[in-house]
Protein chains: 2
Amino acid sequence: MDIRRQVGLNVQRIRRSRGWSQEELAFESGLHRTYISGIERGARNPTVTVLKELADALGVSAASLLELEQPIQSRS
Amino acid sequence: MDIRRQVGLNVQRIRRSRGWSQEELAFESGLHRTYISGIERGARNPTVTVLKELADALGVSAASLLELEQPIQSRS
DNA sequence: GTGTGACTCGGAGTCCGTC
DNA sequence: AGACGGACTCCGAGTCACA
């Protein structure tokens, strides 16, 4: 699993659990809407400071955005 | 606490627990010696892919490099 | 509401060195 | 062994128009 993809999945999952659109997360984090889109798709390679800004906006720790919490991986 | 400083402290702590020099970690991770130095000092702003490379070399999860865990090693 | 290509520009990342 | 600086290349940060 590419780490960028993992970050994207985590951001998207937590954002949706907040009931936010990408535009709302962009506003809360101070980042650009299309940049959020790129991160969620795993197309961008964010720095740790960007990770922190996203984590703060989402109300989670920066570390949690890197965690691989898909416990069920019966197949590749 | 600046997130870059936090990453630096974590990398340095885990590297030393392995008994490695910065040059050894640089070799193991495939990154440059001076870049490792900059990261440990909190002067650099690494990307998530770099974080993953460091984590793999150190044998820990990428998330653990972002965590704010000072386990209070009371100098056994 | 989101995906995508393309753009500028500053910083990520490397390599040389000195202390 | 490690901090730190200068100079370099190239990619990430940040943005836009458009689909």
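Here is how names work: the chains are called A, B, and so on, in the same order as the sequence lines, proteins then strands, and each is numbered from 1. Model, not experiment: these values are computed from the prediction.
Judged by distance alone, the side chain of B/Gln6 and the main-chain N or O of B/Glu67 form a donor-acceptor pair under 3.5 Å. Side chain of B/Arg44 to backbone of B/Tyr35: no donor-acceptor contact under 3.5 angstrom is found. Looking only at distances, no side-chain donor or acceptor of A/Gln12 sits under 3.5 Å from a matching main-chain atom of A/Leu9.
Side-chain nitrogen and oxygen atoms of A/Ser37 include at least one within less than 4.0 Å of the OP1 or OP2 phosphate oxygen of C/dG3. Residue A/Arg16 has no polar side-chain atom (N or O) positioned under 4.0 Å from OP1 or OP2 of C/dT2. At least one side-chain nitrogen or oxygen of B/Gln22 sits closer than 4.0 Å to the OP1 or OP2 atom of D/dA3.
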Exercise for the section: Apply the test side-chain contact (heavy atoms from CB on, under 4.5 Å) to residues B/Leu58 and B/Leu65: give CA-CA distance (whole Å), side-chain angles for both, the deciding distance (0.1 Å), then the verdict. Expected result: CA-CA 10 Å; B/Leu58 290 167; B/Leu65 295 182; 4.3 Å; yes
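Using a 4.0 Å cut-off between charged side-chain N and carboxylate O, B/Glu40 and B/Arg15 make a salt bridge.
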The contact string for nucleotides 10-19 of chain C, one letter per nucleotide 5' to 3', using protein heavy atoms under 4.0 Å with B, S and - for base, sugar-phosphate only and none, comes out as --BBBBBB--
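Put simply, CD on B/Gln12 is 12 Å from C1' on D/dA3, counting in whole angstrom units. At whole-Å resolution of the value, CD1 in A/Ile36 and C1' in D/dA13 are 12 Å apart. Following rounding to the nearest Å, B/Glu23 (CD) and D/dG2 (P) show an atom-to-atom distance of 7 Å. As a whole-Å value, the separation of A/Glu40 CD from C/dG3 C1' is 11 Å.
Across all their heavy atoms, A/Leu25 and A/Ala57 have their closest contact at CD1-CB, 4.0 Å.
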